[in-house]
Each structure stands twice: as C-alpha cells, then as structure tokens.
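Data block below; observations after.
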Amino acid sequence: MRSFLNRPSFSVPGVSMEDDKPLRERYSSEITPEDFGTDLTVAGWLQDVRNLGGIAFLQLRDRGGVLQVTAIKKEMGPEGFRELVELPRESVITVTGTVQENDQAKAGFEVLPSSWELLSRAEVPLPLGVVDKVGADLDTRLDNRFMDIRKPEVAAIFRLRSILTEGLRRSLVDQGFVEVATPKIVSAGAEGGATLFKLDYFGKPAYLAQSPQLYKQHLMATGLDRVFEVAPAFRAEPSDTSRHLAEFTSLDVEQAYVSTSEDVMATVERMTVDGIRYMIEGGQELLDQLIVRLDVPPQPFRRIPYDECIDMLRGDGVDVPEDDEMGTEHEKALGQLVHQRWGEDFYFITDFPTRYKVGTFYAHRHEDRPELTGYFDMGVRGLEIASGGKREHRLDVVTAQMEEGGLRPADFEFYLKAFRYGMPPHGGFGYGIERLLQMLLGLPNIRETVLYPRDRQRLVP
RNA sequence: GCCCCGGUAGUGUAGCGGCCUAUCAUCCAGGCCUGUCGAGCCUGGGACCCGGAUUCAAAUUCCGGCCGGGGCGCCA
C-alpha cells in the first residue's frame, strides 16, 4: 500500500479500495482532448442504457455531467455485454476504458470499456425517476430527496445557494464583520409574536431560538462591534405558505455606532449586491442550466417611507384600510408598482410606524417623531427578504418599551444587563437567505431551496 | 388558527353514480435492432388513501380521519 501522499490519485476526486485501484480518475467534465486515446477510470450512476442489440450506449452520470460508455457485443462477448447493459438504472458503477474521440457522441468522445465493476445495485422500481419523462410533485420529490438531488437542475439550486452564501459572507467580512455563533437552545423567547418550539433541557423548560436577536445585540456590548451569523432559526408558527418554513436559515447582522438606520441599510445593500454579483460570476453555468437570467441590481435601492408606500398604493387604486398594517396583498402590489414605475426589484420600506412595532421593544423611535421607528424592510418584488433598523440602546427606554409591549423586564435580565455598563448605539437586521434565493431563481416554493425542509407536516427526511 | 382545492399503477394523469374488466404517458419485464442521445418498434405487467353511510349499483354522493396543494394571518 502506497502512502496517502504518494498516491497518484491524491489530487483527483476518487476513492480507493483495498487493491489501491482508484475508482475514479476524472469527473466526466474534466476529460479533455488530451485524454483521447488513453485509458481512464470513471465512475457514477448508470442513468440510462440504450441497447441496440449489437451495440449499447450507457449514460454514466457524475457530478460534472454525463458521459457515454459504448459497449460492443462483439468485443465484450454476449455474456459480458448482457451483464453490463442489463444493470438497473441508477446503479453505481466504475468503468475503465479507452477514451475515444467520436463526433457521434454528444460530448465529442466516448469510453470503450475494458473492465467495469458494479459498486452498488439499484433496486427497481425507482421511487422517483431521475431522467423520466414525467414530472413529480414536490412532496414526492422531498420524500425521495436523495434521488431528487441527482437531477442536475435540482443540484444546481444548492450549488448556487452555496455560492450565494459565500458571496454574502465575503461581503460582510470585507466590511469588517466577525462571524459568530450564538446558542440555539435558549431560555426565553426573544420577541413577542412568533411561537417557540418548547423542549426539555435537563429538566428545565427551554426553547429553540426563533432569532439570535437578543444575543447579537448583547454582543454590541463586547467591543466586537460588527458581527454576523448564518444559522437556523425556528418558528413554530403553523404557517402553510410557499414562503414559510419551521426551520430557516437566518443571516443576522449587528453593527455598533450607527447613527441612523441608513447606516444599516447601507450594509444590507452592499451585502446584497456583492452576494448577487458573486453568484452570477461564480455560477453562470448553473444559472444557465436553470434558465435564469440575473443582473446585479442597480444601486442605490430606493428608500420609500412606509406612509409613502400607503399613498402610492392608494394612488394606484389599491384599497388600504385606515390604521391597518400592510398585508401580503399590499406588499405584492407595492412590489409590482415599484417595478412598473422605476423598473427596480430591490427597495426599502423605511420608517415603520411605531404602532405596528409595539412588540418590537428594541426598535429605536425617531426623536423628533416618536410615532415612527427607524425600522425598515427590504422588499424584493413584493417579498419581504430582510427587516431591521436602528435599535434602542438606552436602558430606561428599552425597559419602558418592553413594558409597553406587555413583556416583563425581569424575564430579560441577561439582555438588559448588557445595557447597564456601556452599550454603544447600534443597529442590525435579519435576512432570509432562502427567500432571497427563491426570488433570484424564480422558484415557486421556498422548500425548493432547502435540502430537507421542515414545515408544519414534514419531519422526515 | 381561518378559508378554498385535492388524494386513481413506482411516477405524472383521464374518468366524477351503471358505458370502468378504469384512460394516456412514463416506468417495469420480455423480444427485435451496431450509432443511440426525449432512441424506435412489438408483447405483457401494475392503481381508485383509510373507516363508516346512502344506493339495486360508488373511483364517482355524504360524514369522519389521515395526507397533500394554494391563500390569509404572522413573518425571514
């Protein structure tokens, strides 16, 4: 056995069995004209066999794509030929053979097998076809998610999600933010409203965190100054819609020494633009595969005060009842209106009225106009992607607003303590990565953006 | 939590009181084919969510349950 470092396949993504023969030397996408005429080992799923009798074309799929293995009966013998071409679809095999240039093959070459090995036989029938000519319901796909993700167009969503998340992270790091991790098992709910998942913590009542809100603000009293976190958030809201999950990925940001919410919006805007640009540049092929055309959104994102949004809607003939907060219908109409009027998809709704933020005790209210807060939403074509703003950092005011919202300051002692010994003014936001991806890729349901979505009914897989 | 809609072969569907021994496609099995690439052609296989009720007769109507889809509320 050669040492790990001397193994010739060290730099290629193959694994090796006892006899040290690599099971894969190349992904299908890595084979170039330089390989023509040489022997190579490839591996993957046998996605389809076209058996013409004396010759059979096998489609072997790996992460990089699909390549053709051409089996010829006369050369393999009737027995060997039969054994190979009768393997069930989606079985995993490794094939060693000569790479031969051939214009008749889609990739421009084919592999003529000299040896092959069955690594894993697939049962029949498949619970979900990977290359079948019929579709499947999302529910069926989720029940068989591992099969579903074998489809390149589904895998593309998750590869793009990875690139997008990386882009957002990079932007924040560039802007001087420190990535942190806060507890997901907590003793009390952060905010009013959303329902919490209760659990038993060594005999004490505890909850799954619905938001890192209290902790990221707490961190503003530490001197880290600028923090962010990408982590799951849990909401026991029995929401059954195409844009809600019981467990979603929340990108949370908090920054110290903000003077107005404009400082926070600047962070949101730059991060959003950087992230999307990064995804377009790094994932162009994947976007093409999904037939999605994306441009970096123009800056600056329009800032529209909440009250002006209401006026805009009414001016357009949308009925918005007096003293009633904008609902989903209004948000969608506003998204359309912004698009029609200015051709823009990204915008901020700013200066949320205080009366709709009563439970949000940490929201800062304008000094000169206490009926308005420094809170904003970032909307994308009518979908709320982010919300945040300038926080209230004065202990006495936070406490008063807590009581006003019907909460007991005593229950938030760990949080309030951080305000007692020097808390800089700060602000931040929560940002839904899945929702952004859903909008960018034009996906009908947010569950498409999550490998194993958790919703009201689904706990498995 | 509220309001609509739905559950038929492995998958996706048609049928919506008797023409149902349930349609079509895909899929699976077998057969033919040495250039397929949505392969083609021939033969065959496989299903009415569960429990009650109405009826001479229920996939079809009614009730309950379970499951799914959409919307609202709330939010990311």
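Values below: every heavy atom of this structure, side chains too, minus hydrogens, waters and symmetry copies. Numbers restart at 1 for each chain; the letters A, B, ... are given by sequence-line order, proteins then strands.
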Using a cut-off of under 3.5 Å, enumerate the N/O to N/O pairs linking the protein to nucleotides 1-4 of chain B.
unit_1, atom_1, unit_2, atom_2, d
B/G1, O6, A/P238, O, 3.3

Close N/O contacts between protein and nucleotides 31-34 of chain B (under 3.5 Å):
unit_1, atom_1, unit_2, atom_2, d
B/C33, N1, A/L52, O, 3.1
B/C33, N3, A/N51, O, 3.1
B/C33, N4, A/N51, O, 2.7
B/U34, OP2, A/L52, O, 3.2
B/U34, OP2, A/G54, N, 2.9
B/U34, O4, A/K74, NZ, 3.2

Please list each protein N or O that sits under 3.5 Å from an N or O in nucleotides 8-12 of chain B, with the distance.
unit_1, atom_1, unit_2, atom_2, d
B/G10, O2', A/L126, O, 3.1
B/G10, O2', A/P127, O, 3.3
B/G10, N2, A/D132, OD2, 3.4
B/U11, O2', A/G135, O, 2.9
B/G12, OP1, A/D137, N, 2.9
B/G12, OP1, A/T140, OG1, 2.6
B/G12, O4', A/G135, O, 3.3

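In this structure, CG of A/N144 is placed 17 Å from P of B/C27, rounded to the nearest angstrom. The nearest whole Å value for the distance from the CE atom in A/M378 to the P atom in B/A76 is 13 Å. Here the C1' atom of nucleotide B/C75 and the CZ atom of A/F197 are 14 Å apart, to the nearest Å. Distance, A/D139 CG to B/G69 C1': 9 Å, rounded to whole Å. The interatomic distance linking A/N102 (CG) with B/C37 (P) rounds to 14 Å, in whole Å. In this entry the distance linking CG of A/L67 with P of B/U36 reads 19 Å, nearest Å. With rounding to whole Å, A/F429 atom CZ is found 12 Å from B/A76 atom C1'. Distance A/H244 NE2 to B/A76 C1': 8 Å, rounded to the nearest Å.
Salt-bridge formation is detected for the pair A/E254/A/R391: a Lys NZ or Arg NE/NH1/NH2 atom is positioned less than 4.0 Å from an Asp or Glu carboxylate oxygen. With respect to A/R365 and A/E392, no salt bridge is recorded, no charged nitrogen being found less than 4.0 Å from a carboxylate O. A salt bridge between A/R141 and A/E448 is present, with a side-chain N of the basic residue lying under 4.0 Å from a carboxylate O of the acidic one. The pair A/R61-A/E90 meets the salt-bridge criterion, with a side-chain N (NZ, NE, NH1 or NH2) lying under 4.0 Å from an Asp/Glu carboxylate O. Ion pair A/E86/A/R121 not flagged as a salt bridge, since none of the NZ, NE, NH1 or NH2 atoms sits closer than 4.0 Å to an Asp/Glu carboxylate oxygen.
Applying a 4.0 Å cut-off to non-hydrogen atoms, none of the residues of residues 304-313 of chain A approaches RNA chain B. Of the residues in residues 104-115 of chain A, those with a non-hydrogen atom less than 4.0 angstrom from any atom of RNA chain B are A/Q104, A/A105, A/K106, A/E110.
Applying the side-chain hydrogen bond (donor to acceptor under 3.5 Å, both in side chains) criterion to A/D351, with sequence neighbours excluded, gives A/H366. Considering only residues two or more places apart in sequence or on other chains, A/R314 meets the side chain to side chain contact (heavy atoms under 4.5 Å, CB included) condition with A/I310, A/V320, A/E322. Every residue meeting the salt bridge (Lys or Arg N to Asp or Glu O under 4.0 Å) condition with A/D295, not counting sequence neighbours, appears here in chain and number order: A/R293. Listed by chain and number, the residues in a side chain to side chain contact (heavy atoms under 4.5 Å, CB included) with A/P453 are A/L142, A/L245, A/R447, A/V450 (sequence neighbours excluded). Remark: A/S28 pairs with A/D62, A/L67 by the side chain to side chain contact (heavy atoms under 4.5 Å, CB included) rule, at least two apart or across chains. Scanning for side chain to side chain contact (heavy atoms under 4.5 Å, CB included) contacts around A/T260 gives A/E262, with sequence neighbours left out.
Taking atom C1' on both nucleotides, B/C20 is separated from B/C63 by 26 Å, rounded to a whole Å. Distance check on atom P: B/U60 versus B/C48 gives 12 Å, rounded to whole Å. Comparing the same atom, C1', in B/C28 and in B/U11 gives a spacing of 12 Å after rounding to whole Å. A gap of 24 Å separates the P atoms of B/U55 and B/C16, to the nearest Å.
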### Task
Evaluate salt bridge (Lys or Arg N to Asp or Glu O under 4.0 Å) for A/K184 paired with A/E229, printing each intermediate quantity in order.
CA-CA 12 Å; A/K184 299 305 146 205; A/E229 176 171 29; 3.4 Å; yes
### Task
Given salt bridge (Lys or Arg N to Asp or Glu O under 4.0 Å), test A/R169 with A/E179 step by step and report yes or no.
CA-CA 8 Å; A/R169 270 203 170 91; A/E179 183 161 6; 2.9 Å; yes
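The distance between the ring centers of A/H218 and A/F414 falls below 6.0 angstrom. Ring pair A/Y356/A/Y306: centre-to-centre distance below 6.0 Å. When ring centroids are compared, A/Y215 and A/Y415 stay outside the 6.0 Å threshold.
For A/T328 and B/G73, the shortest distance from a side-chain N or O to OP1 or OP2 is below 4.0 Å. OP1 or OP2 of B/G71 sits under 4.0 Å from a side-chain N or O of A/S242. Considering only side-chain N and O atoms, A/K332 lies under 4.0 angstrom from the phosphate OP1 or OP2 of B/C72.
Residue order along RNA chain B, read from the 5' end via each residue's closest nucleotide, puts A/V131 first among A/V131 and A/Q59. Both A/N445 and A/D48 lie near RNA chain B, and the one whose nearest nucleotide falls closer to the 5' end is A/D48.
Aromatic stacking is marked for A/F248 over B/A76, as both cut-offs hold: 5.5 Å for the centres and 30° for the planes.
Side-chain atoms of A/R89 and base atoms of B/C28 include no donor and acceptor less than 3.5 Å apart.
Taking the six-membered ring for Trp and thresholds of 30 and 60 degrees, A/F376 and A/F348 have ring planes more than 60 degrees apart, a perpendicular arrangement.
Residue contacts shown for A/S387 are limited to sugar-phosphate atoms, with no base heavy atom under 4.0 Å away. Within 4.0 Å of A/L245, counting heavy atoms only, lies at least one base atom of the nucleic acid. Residue contacts for A/E434: at a heavy-atom cut-off of 4.0 Å it reaches no nucleic acid atom on any strand shown. A/F57 comes within 4.0 angstrom of a base, heavy atoms only. Residue contacts shown for A/E247 are absent, as no nucleic acid heavy atom lies under 4.0 Å away.
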### Query
In dot-bracket form, how is RNA chain B paired, counting a Watson-Crick or G-U wobble pair only if both its distances are under 3.5 Å and using | for bases paired to another strand?
(((((((..(((.....[.....)))((((((.......))))))...(((((..]....))))))))))))....
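For the pair A/Q401 (side chain) and A/A363 (backbone), a donor-acceptor distance under 3.5 Å is present.
Enclosure of atom CD in A/E285 is not indicated, since only 12 or fewer non-hydrogen atoms of other residues, nucleotides or ligands lie within 6.0 angstrom. The number of heavy atoms from other shown groups lying within 6.0 Å of CD (A/E79) does not exceed 12.
Figure legend: A/K357 and A/F352 shown as a cation-pi pair, the cationic atom lying under 6.0 angstrom from the six-membered ring centre and within 45 degrees of its axis.
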